[in-house]
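Report on one structure; see the data block that follows.
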2 protein chains.
Amino acid sequence: MTQSTQDRIINAAIELVKEKGFVGATTREIAKRAQVNEVTLFRHFGNKKGIIEAAIEKLSFVNSLSVSLSEDVVWDLTKDLSMIVKIYQTKLEEKRDLILISFKEAGRFPELDQMISGLPMKYKEMIMDYFQTMIQKGKVPPFNVEIAATNFLFLNFGYFMLKSRLNPLAEDMSLDKFINQNVAQFIDSLQGEPSINSD
Amino acid sequence: MTQSTQDRIINAAIELVKEKGFVGATTREIAKRAQVNEVTLFRHFGNKKGIIEAAIEKLSFVNSLSVSLSEDVVWDLTKDLSMIVKIYQTKLEEKRDLILISFKEAGRFPELDQMISGLPMKYKEMIMDYFQTMIQKGKVPPFNVEIAATNFLFLNFGYFMLKSRLNPLAEDMSLDKFINQNVAQFIDSLQGEPSINSD
DNA sequence: TCACATTGTAAGCAAATACTTGCATTTACT
DNA sequence: AGTAAATGCAAGTATTTGCTTACAATGTGA
């Protein structure tokens, strides 16, 4: 199925802004990449900024990043955290372009900044809630849930960032490997069990 | 002591490129912020790109990021890792502007890209060496050093990135707190001991 | 077929930008 | 004092950029 004119423009704009920054991405080049005449951009979105703002609105409403905790949780540390990481990282991946743009253009799109900067906090709070409940259920020995949730957040965010920006390292940074190795080690540390095998 | 003309120009350029990107930072504004006539930029650095390239060369030679492992290591897990994190994060902080620029302007300054992208790998390898030796010395039970080093890297990098870019969260993200809480929890997980206290 | 919406074409404009040139002024050093 | 280097000043140029206007071509649904 063919993309609408608006969608082609939005996608081309996102690509170019990601590559060259907002100022570096010219309307002529956006139009060329979208295979559209330059005036069409302005007819649809008013001005250059309007294109990116439309992209932000579109991508932020399509899928919010709140992981549905109540459903799908089976109160098994490994199963649950693996699932949560998978969902979270997948959704981050979908939003990767916008996240990278928000890093590049910090301050230019306040709405985007707000949206992006809220993500880690929400994630941390959700994880804290989950840990708290697991402790109450007696599934894990008690621990400081805030510190653990912060570490879990750093782990996830560090993985995402290094994977997104430092491709040389990314050769063997698949999501599955991350979950089965790195997340697994973190999980072990919460259970007070001996660490992962040495081979 | 007063800065030299070159230094004022370089610092102003770094500030502005960090704020507005390379294309968005105009030579007029750089000159104004450096309290220097615009022509002086070109007389010293040839063209706009030359300013940033000079900044890269200057800041990358002043202090390389290789942590001196052989010295200062006392083969105590907590003391050593705390020291390493402190040194590493402090040096990252010194280079923060360049790191953020390399994120903003990925591809524009290959030399910078190369320098930045090499940091995590070096860090990981150094940590792996340290873990390996600690195991050989019998100071810690054996574990998979690669996974542990990767997690340690993610922890450090995630902390740095979230602290650098998401200020709202940064209120209570001091380096000391990070070391005493988050790094401490990681250390505990390697020693096979019960996790941190719940209060 | 007719009306209307969408897109293309051509031309251009006002502003900004990187960079240059020629010359005056200041600063530093002997 | 005098010389040379560093910096300022004024003016300008060629190009690019965001955006506009006027009009023709194409498609689409009644």
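All figures in this text were calculated on a predicted structure; none of them were measured in a lab. Here is the naming used below: chain letters follow the sequence lines, and residue numbers restart at 1 for every chain.
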[X] [atom1] to [Y] [atom2] distance, which is reported to the nearest 0.5 Å:
| X | Y | atom1 | atom2 | result |
| --- | --- | --- | --- | --- |
| B:Arg8 | B:Ile30 | CZ | CD1 | 14.0 Å |
| B:Met128 | B:Ile147 | CE | CD1 | 10.0 Å |
| A:Gln181 | B:Thr150 | CD | OG1 | 8.0 Å |

Between [N] atom [atom2] and [X] atom [atom1], what is the distance in whole Å?
| X | N | atom1 | atom2 | value |
| --- | --- | --- | --- | --- |
| B:Phe45 | C:dT20 | CZ | P | 15 Å |
| B:Asn37 | C:dT21 | CG | P | 16 Å |
| B:Glu38 | C:dT21 | CD | C1' | 14 Å |
| B:Lys48 | C:dT17 | NZ | P | 9 Å |
| B:Leu16 | C:dA18 | CG | P | 11 Å |

- Give A:Ala25 one of three labels, base, sugar-phosphate or nothing, depending on what nucleic acid heavy atoms sit under 4.0 Å from its own.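 Touches sugar-phosphate only.
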Note to self: Classify A:Val39 by what it touches in the nucleic acid, base, sugar-phosphate, or nothing, heavy-atom distance under 4.0 Å.
What the structure shows: base
Does [N] have OP1 or OP2 under 4.0 Å away from a side-chain N or O of [X]?
| X | N | value |
| --- | --- | --- |
| B:Thr27 | C:dA18 | yes |
| A:His44 | C:dT7 | yes |
| A:Thr5 | C:dT7 | yes |

Residue pair B:Arg28/A:Asn47 against DNA chain D: nearer the 5' end by closest nucleotide is B:Arg28
Result for 5'-nearest mapping on DNA chain D, choosing between A:Val23 and A:Arg43, is A:Val23
Q: State, with a plain yes or no, whether a side-chain heavy atom of A:Ile14 is found less than 4.5 Å away from one of A:Ile101.
A: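 Yes, their side chains come closer than 4.5 Å.
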- Ignoring hydrogens and geometry, is there a side-chain-to-backbone donor-acceptor pair from B:Gln89 to B:Phe160 under 3.5 Å?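 A pair under 3.5 Å: no.
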Footprint ends on DNA chain D, 5' to 3', for atoms under 4.0 angstrom from a heavy atom of chain B, come out as D:dT7 to D:dA10
### Message
Tell me whether the NZ or CZ atom of B:Lys139 lies within the 45° cone about the ring axis of B:Trp75 and under 6.0 Å from its centre.
### Response
no
Practice item. Give a yes or no on whether A:Glu93 atom CD has more than 12 heavy-atom contacts from other residues, nucleotides or ligands under 6.0 Å away. Key: yes
